[in-house]
Amino acid sequence: MEFPFLNDLNDSQREAVTYTGGPSLVIAGAGSGKTRVLTYKVAYLLHTGMHPASILALTFTNKAAREMKTRIGQMVGYDTARYLWMGTFHSIFARILRTEAERIGYTHRFTIYDTADSKSLVKAIVKEMQLDDKVYKPGVVLGRISSAKNSLVTPQAYAADSGLQQSDRLAKVPMMTEIYTTYCARCKQADAMDFDDLLLQTNLLFRDHPDVLQKYQSLFQYILVDEYQDTNFAQYLIVKKLAERHEKICVVGDDAQSIYSFRGANIDNILTFKNTYPSARLFKLEQNYRSTQTIVNAANSLIDKNSAQIRKTIFSQKEKGEPLKVTNLYTDLEEGTYVADTIRSLHRRPGYGYGEVAVLYRTNSQSRVLEEALRKQGLPYKIYGGLSFYQRKEIKDVVAYFRLITNPNDEESLKRVINYPARGIGDTTVGKLLDCAHTHGASAWDVLTDPLKYNLPVNAGTAAKLAKFRDLINALAAQAGTLNAYDMAQSVIKATGFLADTLLDRSPESLSKQDNVQELLKAIHEFCENKAAAGEDNAYLPDYLAEISLLTDQDTDQADDADRVTLMTVHAAKGLEFKVVFIVGMEEELFPSAFCMENERDLEEERRLFYVAITRAEERCFISYARQRFRNGKMNFSNPSRFLKDIDPQYLDCPQEDFHEPPRTIGSWDDDLDMERLRFGHGSFSPSGRQPAFVPPPAPPKRLTKLQPAGGNASPTPVAYDGLPVGAYVQHAIFGIGKVIETNVDNGNAKAVIDFGDQGQKTLLLKFAKLKVLK
DNA sequence: GTATAAACACTTTTT
DNA sequence: GTGTTTATAC
């Protein structure tokens, strides 16, 4: 029987889908139908008679896996699709690790530490070792541990590596080896793996247990990897080992969209795929179905400035489209107003619903001003990023109980809940407990189980409190084998006193906590029902935990189909598309980020990030930058991003200035003037969205002639106005060009009467008006 | 052992 | 400007 779906594909897509002879690399340009190729390829493999359980398809997000699974299910039937090994790297290998856990000294119920747990553990270790946590910053230390794990460097290897040792000495953190060693020992003691362990331990498992490797090698007849440009060394090696036998592997990705190197992703994996698999075929998907020709061409001209890449010619056959509009604003606040105004004006046209619009920024902190600007004008929006559901304190607390019940050795969970709700077990006692455990090489739970054996130095009252807590957890653990996850969850929040504690007060925070916990219970209920519906007997607490510990905010987004503007970071936007895209904050030290400007490699990644941002747009792309911006509580002055110069100007619409002007010096006279303009100018110029959307913003301050002395301290001294002679021509942002009729000082404020021709005569306060004097 | 205030630090973050 | 952590008093 002929595979019925081939007609849905273009030539290059079809070639990529039907080639199953050996390793293949599919370079999928932005918007070129990458997911389509992956899903069709899986369907095609099934069509050729391959069993679903012998296909391994790896993605980076649960969402991607879920969507692909759904689409394949629609093509070949859910009863087939459900047997596919399709999921994130982490979830697939967590599953394999649970099966094989005993081989590497873990139990199948091991806990997965999230980043907060890992950080807390590092912090505790640094403190115990009496090191300065200003020097050994937990985040930095964890980063080094994470890179080590992603490069498959175990603590022993770390100690033996002179390069790493020297690097640590240079970074003034010579105790890294000891911290790393202790960190791993503690995780093991707690029967816990962090995110990186899921990949590292899989590698160790395959390295040290050839029979296990062989088992999975023969199980997986075909391996597919999505977003291959984002794989790190640990992922690369797992895939390589698994594929070693049949070399039936297809990886899909786009080197131009590699933006996760800070998480260990190595772009070389995709760039040098041919070295790993010399017989590999290369397929390029170069037709972009998403964006206008102008957007595609602009993005091409940008990415062309990068040196490390696989050359390709992305093209679009859609309409030519409008140029990318670049806009210069004075301040971040005005940028917000500009975005809101433009969205509103677009929205008046049919086909431009709010849901078609996204505002993308480099850092989450930029969202505030934008949010306020949109809210001020009553525009509906949704923000991605920030605290996810599972990172909220109350949820983490409840989940910590679940974790502790499932795995009492889970020290991070124990620390979290042993005194929450308050049971009179304070820091001192917990400190003694942990200290005692660590000196005896036991887990905290071991000590709790038999305090006398370990000589825990506490008085009788404290000992009783500890015993009570221990009995509570034990009692719940005993129930966990018989009750399903939902019944258990209810039992937990009652028995632990959690419910009573949150119900106690009626403060708004407490009410919101209750809501969130109810939400959690609802989710657990759904989980149990789904399992029951599928006829599976794995709806117990550990099963639920195994599922959620690898879930993140991306997965919890409510089916929110309300028509809202989307606000998110460029990173979060990867893989998405919008009719209209705003890219804001295109400024030096922000985009590219100040942290990425030192070496060319990082800079190229930032350029790819900009590329990702532009290629999210289907029809219109608006790029803006501000001259000054609040950052970290301070006002900062900035220059336009160097990346703006990388785009071929023929695709841009930027009338008001070129961004080739030399860098401005901070604290110059101009900037003082700017500060003044910001403070006063704002109220008169960005009122409630009166400004028409496409009015060119005021000219850059650089070209301003002095209109008033830099008496910025707002003293009541009369302000001179000798810089503005009667008869001079000036330009105003809204009224246009006008002639000065007269100037005067009224109540210490310099004023000018200006004739704007058909706009009429206006009396303007010079300190409010942004006037450009024309020569 | 717990509640307050000052001190602090702050890119991006698929898991 | 915001949220988190640590120091201090209760």
Side-chain angles (χ1 to χ4, degrees), chain A residues 58-66 87-94 112-116 118-120 123 127 133-134 137-140 142-143 146 149-150 193-200 226-227 229-232 234-235 257-265 332 360-369 372 384-388 390-391 393 419-420 422-431 461-462 465 548-555 568-576 585 589-597 602 605-606 608-610 612-613 629-635:
Chain A
L58 298 166
T59 65
F60 275 84
T61 64
N62 295 300
K63 196 173 153 209
R66 205 170 41 230
T88 64
F89 273 91
H90 291 81
S91 68
I92 293 287
F93 296 115
I112 296 172
Y113 273 177
D114 66 19
T115 313
S118 302
K119 214 170 195 166
S120 150
K123 215 169 171 177
K127 199 170 178 182
D133 65 358
K134 297 272 166 7
K137 294 192 185 110
V140 175
L142 190 61
S146 180
K149 286 188 173 181
N150 286 328
M193 295 199 199
D194 66 14
F195 288 142
D196 301 318
D197 273 328
L198 297 174
L199 306 173
L200 171 65
D226 189 15
E227 309 278 16
Q229 76 281 355
D230 289 332
T231 50
N232 60 34
Q235 290 161 326
Q257 295 185 61
S258 163
I259 54 172
Y260 279 102
S261 75
F262 66 93
R263 295 267 307 111
D332 48 355
L360 308 183
Y361 34 80
R362 180 65 180 77
T363 67
N364 277 311
S365 55
Q366 289 166 259
S367 69
R368 260 185 56 87
V369 230
E372 261 157 42
Y384 285 75
L387 270 197
S388 83
Y390 290 102
Q391 286 174 327
K393 188 186 175 300
N419 197 33
Y420 186 79
R423 3 181 116 77
I425 304 171
D427 289 347
T428 323
T429 309
V430 176
T462 309
K465 287 175 193 164
I548 63 156
S549 39
L550 292 170
L551 275 187
T552 41
D553 39 328
Q554 300 276 318
D555 306 300
M568 53 168 60
T569 63
V570 182
H571 281 93
K574 194 177 142 204
L576 306 178
E589 312 214 304
L590 183 59
F591 203 167
S593 154
F595 297 82
C596 301
M597 304 204 338
D602 289 351
E605 174 149 323
E606 291 282 302
R608 290 194 293 268
L609 192 58
F610 188 26
V612 167
R629 172 180 303 278
F630 264 113
R631 276 228 269 171
N632 302 339
K634 277 214 284 290
M635 180 61 78

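In the text below, chain A, chain B and the rest are named by the order of the sequence lines, each starting its count at 1. From a predicted model like this one, the values you see are computed outputs, not experimental measurements.
Taking atom CD1 on Ile92(A) and atom C1' on dT14(B), their separation rounds to 15 Å, with Å as the unit. The nearest whole Å value for the distance from the NZ atom in Lys574(A) to the P atom in dT13(B) is 12 Å. With rounding to whole Å, Leu198(A) atom CG is found 16 Å from dT14(B) atom P. A straight line from CD of Gln366(A) to P of dC10(B) spans 18 Å, rounded to a whole angstrom. In this entry the distance linking NZ of Lys119(A) with P of dT5(C) reads 9 Å, nearest Å.
The side chain of Ser365(A) contributes no N or O atom lying less than 4.0 Å from OP1 or OP2 of dT11(B). The phosphate of dC8(B) has neither OP1 nor OP2 within less than 4.0 Å of any side-chain N or O from Asn632(A). Residue Thr429(A) places at least one side-chain N or O closer than 4.0 Å to OP1 or OP2 of dG1(B). Residue Thr569(A) places at least one side-chain N or O closer than 4.0 Å to OP1 or OP2 of dT13(B). A sub-4.0 Å separation between OP1 or OP2 of dT13(B) and a side-chain N or O of Asn364(A) is present.
Look at Phe262(A) and the base of dT13(B); the rings do not stack under the cut-offs of 5.5 Å between centres and 30° between planes. Stacking annotation: Tyr260(A) is not stacked on the base of dT12(B) (requires ring centroids less than 5.5 angstrom apart and an interplanar angle below 30 degrees).
Between Thr88(A) and Ser91(A), the side chains place a donor N or O and an acceptor N or O closer than 3.5 Å (distance only, hydrogens not considered).
Residue contacts shown for Thr428(A) are limited to sugar-phosphate atoms, with no base heavy atom under 4.0 Å away.
You won't find any donor-acceptor pair under 3.5 Å spanning the side chain of Arg362(A) and the base of dT11(B), going by distance alone.
Relative ring orientation between His571(A) and Phe262(A) is described as perpendicular, the plane-to-plane angle rising above 60° on a 0-90° scale split at 30° and 60°.
Among Val612(A), Asp230(A), Leu609(A), the one residue that satisfies the side-chain contact (heavy atoms from CB on, under 4.5 Å) test with Gln257(A) is Val612(A).
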